[in-house]
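None of these values were measured; they are calculated from a predicted model. Below, chain A is the first sequence line, B the second, and so on; all start at residue 1.
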Amino acid sequence: MLHSVCLASSLSNQFLSPKLKGSIDANNVQTPTSEIPNTSLVHHFSSPLELKQAVAFLIKTNKPLSVLPLSRVASLCALTPNFPFAQQIFNCVDQQEVSVWNSCLRNLAEGPSAIDAIFLFHQMRSYNVGPDCFTCSFVLKACVVLLDLSCGRIVHAYVEKLGFQSNLVLLNALLHLYASCGAMADSMLLFDKMPQRDIVSWNIMITQLAKKGDADGAFELFSQMPDRNLRSWTAMITGFVHSGKPKEAIRLFTEMEETGLRANEVTVVAVLAACADLGALELGRRIHEYSNKSRFRRNIHISNTLIDMYIKCGCLEAAKAVFEEMKERTIVSWSAMIQGLAMHGQADEALELFNEMIKTGVKPNEVTFLGILHACSHMGLINKGREFFASMSRDYNISPQIEHYGCMVDLLSRAGLLQDAYELITNMPIKPNAVVWGSFLGGCRIQKDVEMAEEAIRQLGILDPLNDGYYIIMSNIYAEAKRWEDAARVRKLMKDRGVKKTPGWSSITIAGVTHEFVAGDDNHPQSEEIFQRWDKLLEQMRSKGYVPNTSVVLLDMEETEKEKYLYRHSEKLALVFGLMNTKPGETIRIMKNLRVCEDCHAAFKVISEIVKREIVVRDRNRFHCFKDGFCSCKDYW
DNA sequence: CTAGGGTTAG
């Protein structure tokens with residue numbers, strides 16, 4: 001961080017004049033004892049007082065002032081007009097020397113106070129010092145950090161005025177700046193009219209387009225570019241992941257490997273993130289091995305992403321193993337692990353981990369609390385949840401965001417405290433969004449409270465009228481209350497508004513091939529066998545006391561018809577297919593895009609006992625791990 | 001002497 005430039009030879013003569021030496025009375029400044037070679041103070045001072053101490057220390061101990069890092073001295077003085085010696089010190093600097101300004105700018109732009117670089121740049125202009133291309137480069141860097149578009153435009157004007165139009169480094173920095181400030185049109189315009197481009201120009205555009213969610217546009221550029229390096233591939237893979245296209249990300253990664261390029265740390269992180277989204281455990285494991293074999297095995301980003309990948313693939317134990325063997329952990333590692341335990345319904349362990357984290361001296365952030373609140377919500381720990389919610393602002397000065405309120409509403413309404421939840425919604429300082437009302441609606445369904453649900457759906461009709469999920473829940477609530485006309489009315493409303501129901505699907509991956517099932521699916525080549533196997537299983541299930549719960553079927557029809565529907569739910573098809581195509585005793589892993597259905601949940605518990613297998617289901621909210629007739633969610637979900 | 005692009009938890 002402190003790459004200060006020492007102009008060793010010239011500093012004592014040119015920079016700190018005898019006049020200055022005289023102006024600091026070394027005997028009146030408290031300095032560390034001279035026995036300690038206080039290199040840290042001499043090199044790393046960050047306040048005027050420390051600079052004063054450093055100068056006094058050097059004078060007192062008869063050391064050359066030339067060891068002081070010029071750029072720090074100058075930037076400190078330039079930025080601290082109240083410092084009594086600032087002007088004098090500053091006057092000793094050759095103010096017309098652009099390299100001195102550049103050194104200061106570089107340090108500031110790279111450090112935590114990029115805003116000072118901008119300030120210094122303006123001051124430099126007021127001293128009538130002409131910027132050169134390095135000045136522009138450093139200032140642009142600060143502009144990107146601060147998203148300071150207007151300063152960036154000033155620099156752009158200099159670039160034009162000073163004739164740097166063909167300097168690719170500067171043009172690329174401008175591309176980056178415009179795009180990251182949201183001025184994508186300016187960025188594209190510049191990109192289009194650039195006399196020439198290099199690989200960096202293309203990579204910037206790919207990254208930025210993908211960040212804006214335009215993965216197709218990014219891929220078009222990726223396909224067009226004349227040359228690609230590892231960063232191009234990585235940028236595009238990351239772009240697909242961020243645009244919710246993990247399959248494309250993995251396909252591209254495979255293609256990259258075929259060209260003979262080897263993934264580096266960043267590529268590995270991107271691919272692991274794709275595996276996490278897809279639940280692609282086998283590939284994830286392969287990448288883990290590859291990463292361990294490579295020299296970048298101790299990369300903290302990779303470990304963090306591995307934790308997330310294993311969690312999202314349902315391998316809590318593997319995630320724990322990665323977490324345990326990390327030598328250093330960041331808040332991301334802790335938060336990911338806590339969130340993972342929450343997703344798997346292990347609230348006690350999540351809270352334990354939180355305490356351990358606090359003991360280690362790591363400060364929680366807003367994401368950590370989201371994980372903790374999730375844990376409480378998934379296990380119905382009402383008082384603990386309330387306590388943590390209060391604690392986050394009181395003890396850690398983190399004000400709850402809309403997501404935290406969403407968690408609390410979920411926690412309260414799921415636990416049956418609909419009134420408390422409603423009060424929280426109406427009293428919260430932020431305008432409740434669709435997610436908040438959606439959580440409330442979900443609670444209403446569990447509590448079978450039609451009236452409250454109607455209030456929620458009114459709000460949701462305004463906040464998120466195109467989201468099919470809310471209509472489905474409402475219609476479900478009516479259906480469960482046997483209010484078929486109302487249920488039909490909601491369905492019609494949905495149709496009138498042109499809202500399409502998201503088709504539910506479940507998938508299972510066997511030997512690297514992912515098989516997807518939708519409800520009633522008879523397209524799979526093994527459909528007949530699946531249905532037969534299910535009928536056999538059903539007999540065993542009935543003898544264990546399984547009774548089909550036809551109330552989850554929304555349509556008004558005969559009971560036997562309902563059962564038929566029920567038995568063709570996508571998760572059941574995927575499970576039976578899995579049982580048929582894996583070895584006895586092997587864990588079955590299923591993914592579902594929606595929440596798992598109640599009847600399937602009951603059925604899976606019984607089946608896990610009959611077939612003596614662990615069945616792990618990842619639904620859109622959390623994991624259910626079925627084993628010996630029980631589910632890890634303890635039926636609270 | 002000095003400059004530009006790709007990374008993790010919700």
Side-chain angles (χ1 to χ4, degrees), chain A residues 3 5-8 71 98-107 109-110 132-142 144 155 159 164 167-177 179-180 197-208 210-211 218 222 225 228-239 241-242 263-274 276 296 299-309 311-312 319 322-323 326 329-340 342-343 364-374 401-404 406-407 435:
Chain A
H3 304 295
V5 178
C6 287
L7 293 190
S71 60
V98 67
S99 68
V100 171
W101 293 92
N102 285 352
S103 304
C104 302
L105 287 169
R106 187 182 61 153
N107 285 334
E110 281 172 355
D132 63 7
C133 56
F134 294 106
T135 317
C136 294
S137 168
F138 299 136
V139 177
L140 281 175
K141 183 172 207 163
V144 170
V155 177
V159 169
F164 299 140
N167 183 325
L168 270 178
V169 173
L170 288 181
L171 292 186
N172 288 340
L174 282 166
L175 284 181
H176 189 186
L177 175 82
S180 48
R197 307 168 187 134
D198 65 5
I199 213 163
V200 179
S201 328
W202 290 90
N203 289 352
I204 290 170
M205 297 315 286
I206 288 167
T207 307
Q208 295 298 326
K211 269 196 184 156
F222 179 82
M225 65 191 293
R228 296 176 197 102
N229 60 14
L230 183 59
R231 283 189 174 212
S232 323
W233 289 91
T234 307
M236 197 59 237
I237 292 169
T238 308
V241 175
H242 282 156
N264 69 5
E265 291 94 325
V266 185
T267 324
V268 163
V269 167
V271 180
L272 285 174
F296 42 78
N299 183 299
I300 205 154
H301 286 288
I302 292 181
S303 299
N304 288 345
T305 317
L306 275 172
I307 291 173
D308 190 49
M309 185 275 291
I311 283 166
K312 296 211 173 118
V322 174
F323 181 80
M326 285 175 82
R329 301 183 185 116
T330 64
I331 186 63
V332 176
S333 333
W334 292 96
S335 301
M337 204 59 227
I338 288 171
Q339 170 67 16
M343 276 177 83
N365 66 11
E366 60 280 0
V367 184
T368 324
F369 274 105
L370 220 46
I372 281 291
L373 293 178
H374 261 131
Q401 305 162 345
I402 191 82
E403 289 86 353
H404 299 97
C407 264
V435 178

Ignoring hydrogens and angles, answer whether the base of dG10(B) and the side-chain atoms of Q401(A) contain a donor-acceptor pair closer than 3.5 Å. yes
Take the protein atom CG of N102(A) and the nucleotide atom P of dT2(B), then report the distance between them rounded to whole Å. 12 Å
Output the rounded distance in Å from CG (L272(A)) to C1' (dA9(B)). 14 Å
Measuring from H242(A):NE2 to T207(A):OG1, what's the distance to the nearest 0.5 Å? 10.5 Å
The nucleotide from dG10(B), dA3(B), dT7(B) with an atom nearest the side chain of L370(A) is dG10(B)
Checking R106(A) against F134(A): charged group under 6.0 Å from the ring centre and within 45 degrees of the axis? no
In whole angstroms, how far is the C1' atom of dT8(B) from the NZ atom of K312(A)? 10 Å
Per atom distances to the V266(A) side chain, the nearest of dG10(B), dT7(B), dC1(B) is dT7(B)
Would you find a donor on one side and an acceptor on the other, under 3.5 Å apart, between the side chain of H404(A) and the backbone of Q401(A)? yes
On the nucleotide dT8(B), are OP1 or OP2 found under 4.0 Å from the side-chain N or O atoms that H242(A) carries? yes
Round to a whole Å and report the spacing from CG of N365(A) to C1' of dA9(B). 8 Å
Atom CH2 of W202(A) and atom C1' of dG6(B): how far apart are they, to the nearest Å? 17 Å
Between W233(A) and F222(A), is the ring centroid distance below 6.0 Å? yes
